[in-house]
2 protein chains.
Amino acid sequence: MATKGIQSRNRQEVTGRILSAAERVFAEFGYAGASISRIAAQAGIPKSNVVYYFETKELLYRRVVGEIFDIWRAAADSITVDNDPIQALGDYIDTKLDLARTRPYGSKVWANEIIQRAPIVQDYLEDELRSWTEDRIVVIEAWIARGQIRQISARHLLYAIWATTQHYADFTHQITTLNEGVELTNRQWDETKTAVKDLLLRGVEKPGGA
Amino acid sequence: MATKGIQSRNRQEVTGRILSAAERVFAEFGYAGASISRIAAQAGIPKSNVVYYFETKELLYRRVVGEIFDIWRAAADSITVDNDPIQALGDYIDTKLDLARTRPYGSKVWANEIIQRAPIVQDYLEDELRSWTEDRIVVIEAWIARGQIRQISARHLLYAIWATTQHYADFTHQITTLNEGVELTNRQWDETKTAVKDLLLRGVEKPGGA
DNA sequence: ATGATTTCTGCACGATCGGTCAACATTTTT
DNA sequence: AAAAATGTTGACCGATCGTGCAGAAATCAT
């Protein structure tokens, strides 16, 4: 009763390895280019075993996309009416950039899916993303109404934050190449955070309110 | 002597149709998911005819990527030391957003290629993109040295412009879904230009220099 | 008009794909 | 310990892929 037994412990470990491998392979080869056998090889198990746990490639893919979607959603918890706008948006940018570094594959899978017009997770967009976005826009517009930030387009501010933060995940390879071929150091990631917040938030805060 | 004959005229027309179809199919299905037969069907010709003009899928792909790269490069012609910074960067953003609207497929193909670590056009990144980027950074840093703009990171400013402008091409489907399922109108594209420039350029211009 | 050249197309090939299935191994339940 | 349930694996199938190739069709040069 205390434990669930060896089988279920293994089940969790194996499915976890598959999900992790799938996130990477889907990111690096796209949905069509990612074969089940390559995912299996990445996870170190036979192809049949992947099918056993996730039935089809599409179901496995949906699980991967759902994971990164949930993580991103949680990253915006700081965006509430009662928080300080600059602090809240700054935290959101910081968290999003941390995720760009720690979970770049998930971001790439999402980008690929949207680029291809969301053939598999369109329901996510219409149900959860739409209402979630409208809620954040309401918060930002409340800040504007209170005079806490400049009169900007809340929607385009969100898009700009998404675009810039995810750019550092999706375009990591381009950024690395332009960084003389070496990955960004801890210091350079800190500089990135500072630069992105400096650029975007100066367009948000009131001129006098420095 | 005046004309080149029917054959070469047709050659240009057919290769043009193939390139246009390929840009779209590569964007919507990724490199692996884009089959030659689907490109041929989109162009309205037999599969063998596509191979006749471009030999391999990879060579056709390189042509498609090279096209969008050249177009983007030309879009930054306004970024020179002697131009006014805010005007020049504003023009760049405008042009880049126009391209996001008129050539979204090219942008998506590029995004896909970078996400997958540039398996085919890495030479573009190391040769042309790298030197091109360094040149623009020199210009922006010259503006800073002259005191024409704030002391910002030229590199991250470029990345932010790329990220935001290309976001409106690569994530068109997400933006459309969040726009109640309908594509952006002319007016909304104008609002986008204004919002993006307002957000990014306020982080660039000197506080007093309004 | 005729031969050379270019353009176009259907067919065939080996490879790889997603997914099925039956046999086997292990763990859990009784 | 026997039965049931769960986990694991390799062999196999029909479909699609990129590409090579031979020959037909159209155009060009003479």
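Here is how names work: the chains are called A, B, and so on, in the same order as the sequence lines, proteins then strands, and each is numbered from 1.
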task: Any chance you could measure Ser107(B), atom OG, to Asp170(B), atom CG, to the nearest 0.5 Å?
output: 3.5 Å
query: Any side-chain heavy atom of Val182(B) within less than 4.5 Å of one from Thr176(B)?
result: no
query: Going by atom types alone, do Glu191(B) and His156(A) pair a side-chain donor with an acceptor below 3.5 Å?
result: no
Distance in angstrom units between Glu55(A) CD and dG7(D) P, rounded: 13 Å
- prompt: Taking OP1 and OP2 of dG7(D), is either one under 4.0 Å from a side-chain nitrogen or oxygen of Arg11(A)?
  reply: yes
Any donor-acceptor N or O pair under 3.5 Å, side chains Thr80(A), Asn83(A): yes
- request: Flag this pair as yes if the NZ/CZ of Arg63(A) is under 6.0 angstrom from the six-membered ring centre of Phe54(A) and inside a 45 degree cone about the axis; otherwise no.
  value: no
- request: Kindly state which residues belonging to residues 29-52 of chain B come within less than 4.0 angstrom of DNA chain C, counting heavy atoms of the residue only, listed by number.
  value: Pro46(B), Ser48(B), Asn49(B), Tyr52(B)
task: Figure out the CD/P separation between Glu13(A) and dT26(C), and round it to whole Å.
output: 17 Å
task: Whole angstrom is fine here: how far is it from CG in Asn10(A) over to C1' in dA5(D)?
output: 16 Å
query: Taking only residues two or more places apart in sequence, or in another chain, which ones meet Phe69(A) in a ring-ring contact (aromatic ring centres under 6.0 Å, His included)?
result: Trp110(A), Tyr124(A)
- request: Verify the contact: side-chain N or O of Tyr53(A) to OP1 or OP2 of dT8(D), cut-off strictly under 4.0 Å; return yes or no.
  value: yes
